[in-house]
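Notes to accompany the following structure.
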Amino acid sequence: VQLQASGGGLVEAGGSLGLSCTTSGRSFSSYKLGWFRQAPGKEREFVAHIGWRGRSPYVGDSVKGRFTISRNNNVKDTVYLQMVSLKPEDTAVYFCAAAPIRAIGNTNEYYARPSLYDYWGQGTQVTVSS
């Protein structure tokens with residue numbers, strides 16, 4: 001099972017970047033796919049998650065209005081993160097991850113917990129210069 005993230009890079013403040021994460025090795029139809037980020041010396045922070053066929057996209061408060069999550073199941077199950085109006089504080093390693101959908105606690109905030117995610121990608125660096 002593999003989650004392969006790509007698309008990170010260096011961008012000036014106010015710029016845009018798009019990340020993608022392609023899954024392989026199993027079906028994730030019963031999984032939420034999410035994005036987290038981790039800056040040096042900080043805890044892993046929830047960014048966004050989304051359900052199968054792009055249902056119920058949800059983004060965290062720190063990126064709301066600037067980041068958009070989407071998901072395409074047509075060929076390979078792939079999750080995207082479109083980031084605009086980037087700020088230096090968005091600088092971090094961004095990880096994609098997959099969490100099985102549970103029968104209970106099924107709220108947006110519930111799936112913001114990194115501990116629920118069973119599979120993780122390798123991370124891609126996003127650096128925003130001021």
Side-chain angles (χ1 to χ4, degrees):
V1 177
Q2 192 173 20
L3 280 70
Q4 184 71 41
S6 61
L10 173 64
V11 65
E12 291 185 351
S16 302
L17 269 180
L19 306 182
S20 63
C21 175
T22 301
T23 67
S24 61
R26 65 158 295 150
S27 169
F28 287 95
S29 61
S30 61
Y31 281 71
K32 291 276 193 182
L33 294 184
W35 288 98
F36 291 79
R37 65 186 183 185
Q38 189 163 19
K42 294 190 176 181
E43 292 187 355
R44 194 160 293 191
E45 177 190 14
F46 168 72
V47 176
H49 62 62
I50 192 167
W52 180 248
R53 298 193 189 282
R55 293 190 187 109
S56 306
Y58 177 73
V59 297
D61 289 341
S62 63
V63 302
K64 196 164 291 182
R66 300 187 298 120
F67 290 14
T68 303
I69 188 170
S70 60
R71 184 171 177 177
N72 188 332
N73 309 124
N74 286 344
V75 179
K76 283 195 171 184
D77 196 357
T78 301
V79 61
Y80 303 92
L81 187 69
Q82 184 62 37
M83 306 180 290
V84 301
S85 302
L86 282 161
K87 305 175 182 179
E89 51 263 43
D90 295 319
T91 295
V93 177
Y94 283 70
F95 298 89
C96 57
I101 294 174
R102 270 102 171 149
I104 61 173
N106 226 337
T107 65
N108 286 326
E109 293 75 18
Y110 184 74
Y111 289 101
R113 307 176 193 182
S115 60
L116 296 183
Y117 288 74
D118 293 344
Y119 301 102
W120 290 84
Q122 84 285 5
T124 184
Q125 177 71 45
V126 172
T127 302
V128 184
S129 64
S130 56

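Residue indices begin at 1 and follow the sequence shown. All values derive from a computational prediction rather than experimental measurement.
- Defined by atom type and a distance below 3.5 Å, a donor-acceptor pair is missing between the side-chain atoms of T91 and T127.
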Next on the checklist: Pair T23, K76 - check side-chain contact (heavy atoms from CB on, under 4.5 Å), show working.
Outcome noted: CA-CA 7 Å; T23 67; K76 283 195 171 184; 5.8 Å; no
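- In this structure, the side chains of V128 and K87 stay at 4.5 Å or more apart for every pair of heavy atoms.
- For F28, the ring-ring contact (aromatic ring centres under 6.0 Å, His included) test picks out Y31, Y119, with sequence neighbours left out.
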Checklist entry - Could you walk me through whether R66 and D90 pass the side-chain contact (heavy atoms from CB on, under 4.5 Å) check? => result CA-CA 11 Å; R66 300 187 298 120; D90 295 319; 2.7 Å; yes
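- Annotation for K32 and S56: closest pair NZ-CB, 3.9 Å, computed over non-hydrogen atoms.
- The two residues L3 and C21 make their nearest non-hydrogen contact at CB-SG, 3.8 Å.
- In this structure, R102 forms no cation-pi arrangement with Y110, as its terminal cationic atom is not both closer than 6.0 Å to the ring centre and no more than 45° off the ring axis.
- Of all the heavy atoms in L17 and Q82, the pair that sits closest is O-NE2, 3.6 Å.
- Ring centroids of Y117 and F36 are separated by less than 6.0 Å, placing the two rings close together.
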Checklist entry - So H49 and N108, side-chain contact (heavy atoms from CB on, under 4.5 Å) or not? Walk me through it. => result CA-CA 8 Å; H49 62 62; N108 286 326; 3.5 Å; yes
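- P100 and Y111 make their closest contact through O-CE2, 3.7 Å (heavy atoms, listed as atom of the first residue, atom of the second, distance).
- Salt bridge annotation for K64-D61: present, with a cationic side-chain nitrogen under 4.0 angstrom from a carboxylate oxygen.
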Next on the checklist: With side-chain contact (heavy atoms from CB on, under 4.5 Å) as the criterion, how do T68 and V59 come out once you've worked through the C-alpha distance, each side chain's angles and the decisive distance to 0.1 Å?
Outcome noted: CA-CA 7 Å; T68 303; V59 297; over 6 Å; no
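- Across every non-hydrogen atom of R37 and V63, the tightest pair is NH1-CG1, 3.8 Å.
- S85 pairs by the side-chain hydrogen bond (donor to acceptor under 3.5 Å, both in side chains) definition with nothing, not counting sequence neighbours.
- When the ring-ring contact (aromatic ring centres under 6.0 Å, His included) test is applied to Y94, no partner is found at least two apart in sequence or on another chain.
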